[in-house]
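Just so you know, these numbers use all the heavy atoms, side chains as well, and skip hydrogens, waters and symmetry mates.
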Amino acid sequence: MKALVTRLDSFGDVLLAGPAIRAVAARADHVTVLCGPLGAPAARLLPGVDDLVVWDAPWAGFTPPPVDRADVERLVGTLDADVALVLTSFHQSPLPTALLLRLAGVAHIAADSVDHPGSLLDVRHLRSPGAHEAEAALDLAEAAGFPRVDDGWLRVLPPPDTAALTGTEPYVVLHPGASVPARAWSPGRCAEAVRGLAGAGHRVVVTGGPGERELTAAVAGGHGLDLGGRTDPAGLAGVLAGARAVVTGNTGPAHLAAAVGTPVVSLFAPVVPAERWRPYGVPYVLLGDQDAPCAGSRARDCPVPGHPCLESVSAEDVVAAVEKVAVPA
């Protein structure tokens, strides 16, 4: 049986699909993951993935491309599966993807859908209210005939040894970037936290992508080790795996930290619900005003002057949270 699992969103979304992908892989002979460009690096880290198809869908992501008939026809001609799971967030429709899968000849398609699917779905599943995204994906997989086969926690392939980057002494990671501004703690607050953690006796490693070098340099200052732009996704997994704790917003590295078993201090802006997107399967502390006016807005830019949901968090709050969850040195 050839199975296809689709998750067309970002890096963290694909990581959260990992437990469901493992459930599918336990019963399928071959598993292909269909994902977007932002999610592809995460898919390459997941156990159980045999093949990867990367496609930029016109209905997904922050800057979706225009509809291109030739591009759609190329995708339809590429896909080859007997059964498919269409994984989406609670607010997304699976039906555009399901239509393309049906055109590609996929005989059995399962998805969560509140909309009437017509002939597009063979399994129309309704997710449990408030279910975490990872749990919702596992529930759908089970409804489609792929019951969970392990603990259901997030997992990635073994990461590389990154001691040459981090050094061998115990450390805490602070990752200041986020996929959208509304989910990011301000650089000034991040820098205060680095100084506070260093003052409390922690060695601090600051991580970030290639486009975040200025940010990580400013946040690390003279008190942290700046690794901005120096890790690919697998290398970042290695850095996070070696940390005593990771301090970050609701963004991909929070889920990557969980996937390597590292506790998370989550600076969580409530623009999306924490119950669905919090760090999954590891000790965590949630910081930020979850009842702020922006709650549930899905805003990309904070709609409230001063970003109070996160700016109300102090460096002292972060130090106390790290002391609560950090793996003993």
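- By the 4.5 Å heavy-atom criterion applied to side chains, R189 and P176 are not counted as neighbours.
- Although no hydrogens or angles enter the test, the distance criterion places no donor-acceptor pair under 3.5 Å between the side chain of H202 and the main chain of V204.
- Hydrophobic clustering (side-chain heavy atoms under 4.5 Å, transitive across Ile, Leu, Val, Met, Phe, Trp, Tyr) groups V219 together with V265.
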(request) Step by step, work out the side-chain contact (heavy atoms from CB on, under 4.5 Å) result for W277 and D13. (result) CA-CA 9 Å; W277 297 101; D13 300 308; 3.1 Å; yes

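- None of T248, V247, V246 except one satisfies the side-chain contact (heavy atoms from CB on, under 4.5 Å) rule with L174; the exception is V247.
- Criterion: ILVMFWY side-chain heavy atoms under 4.5 Å apart, direct or through other members. Under it, I21 and L34 are not part of a common hydrophobic cluster.
- Placement of L38 and F11 in two distinct hydrophobic clusters is found when ILVMFWY residues are connected by side-chain heavy-atom separations under 4.5 Å, directly or transitively.
- Within the 3.5 Å criterion, the main-chain N or O of V271 finds no donor-acceptor partner in the side chain of R183.
- Rounding to the nearest 0.5 Å gives a distance of 13.0 Å between CG of N250 and CZ of R276.
- Around atom CD of E275, more than 12 heavy atoms belonging to other residues, nucleotides or ligands sit under 6.0 Å away.
- Between the side chains of Y280 and E133, no donor-acceptor pair is found at a separation under 3.5 Å.
- A heavy-atom distance below 4.5 Å is not found between the side chains of L46 and R22.
- If you run side-chain contact (heavy atoms from CB on, under 4.5 Å) between L227 and each of V173, V206, T166, only T166 comes through.
- Every pair passing side chain to side chain donor-acceptor pair (under 3.5 Å) that includes a residue from residues 76-89 is listed here, sequence neighbours excluded: K2-D80, R7-S89.
- A distance of 11.0 Å separates CG in D291 from SG in C309, rounded to the nearest 0.5 Å.
- Looking only at side-chain heavy atoms (C-beta outward), V156 and V260 come within less than 4.5 Å of each other.
- Atoms CD and CG, on Q92 and D9 in that order, are 4.5 Å from each other to the nearest 0.5 Å.
- Contact detail for C35 and A43: the closest heavy-atom pair is SG-CB, 4.1 Å.
- Taking all atoms of both residues into account, the shortest heavy-atom contact from D112 to P94 is O-CG, 3.1 Å.
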(request) Go through V325 and V264 one step at a time and tell me if the side-chain contact (heavy atoms from CB on, under 4.5 Å) criterion holds. (result) CA-CA 7 Å; V325 299; V264 179; over 6 Å; no

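- L154 and A258 make their closest contact through CD1-CB, 4.0 Å (heavy atoms, listed as atom of the first residue, atom of the second, distance).
- Using a 4.5 Å heavy-atom threshold, the side chains of L100 and L79 count as separate.
- Panel note: side chain R102, backbone A107; a donor-acceptor pair is recorded below 3.5 Å.
- The hydrophobic cluster containing L215 does not contain V205, counting ILVMFWY residues as joined when their side-chain heavy atoms lie under 4.5 angstrom apart, directly or transitively.
- Looking only at distances, no side-chain donor or acceptor of W185 sits under 3.5 Å from a matching main-chain atom of G249.
- Across all non-hydrogen atoms, the minimal contact from S128 to D139 is OG-OD2, 4.2 Å.
- Residues Y284 and V313 fall into different hydrophobic clusters, defined by Ile, Leu, Val, Met, Phe, Trp and Tyr side chains chained together at heavy-atom separations under 4.5 Å.
- For the atom pair CG of L310 and SG of C302, the computed distance is 8.0 Å after rounding to the nearest 0.5 Å.
- Listed here is the closest heavy atom pair of V327 and P263: CG2-CD, 3.8 Å.
- Atoms CG and OG, on L287 and S314 in that order, are 8.5 Å from each other to the nearest 0.5 Å.
- Atom OG1 of residue T6 and atom CG of residue L101 lie 6.0 Å apart, to the nearest 0.5 angstrom.
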(message) For D122 and I109: C-alpha separation, side-chain torsions, deciding distance, then whether side-chain contact (heavy atoms from CB on, under 4.5 Å) applies.
(response) CA-CA 5 Å; D122 301 285; I109 304 172; 4.2 Å; yes

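- Judged by distance alone, with hydrogens and angles left aside, the side-chain atoms of S113 form a donor-acceptor pair with the main-chain N or O of D115 at under 3.5 Å.
- Not a single donor-acceptor pair under 3.5 Å links the side chain of E212 to the backbone N or O of T207.
- R124 places a side-chain N or O within donor-acceptor distance of the main-chain N or O of V114, the cut-off being under 3.5 Å.
- Applying the side-chain hydrogen bond (donor to acceptor under 3.5 Å, both in side chains) criterion to R213, with sequence neighbours excluded, gives no partner residue.
- R148 places no side-chain N or O within 3.5 Å of a backbone atom of L138 that could act as its donor or acceptor partner.
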Output side-chain donor-acceptor pairs under 3.5 Å for residues 47-64, partner residues at least two apart or in another chain, one line each.
{"from": "D50", "atom 1": "OD2", "to": "V31", "atom 2": "N", "distance (Å)": "2.8"}
{"from": "W55", "atom 1": "NE1", "to": "D71", "atom 2": "OD2", "distance (Å)": "2.8"}
{"from": "W59", "atom 1": "NE1", "to": "T97", "atom 2": "OG1", "distance (Å)": "3.4"}

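- In this structure, H132 contributes its side chain and R278 its backbone to a donor-acceptor pair below 3.5 Å.
- Of all the heavy atoms in L121 and A111, the pair that sits closest is CD2-CB, 3.8 Å.
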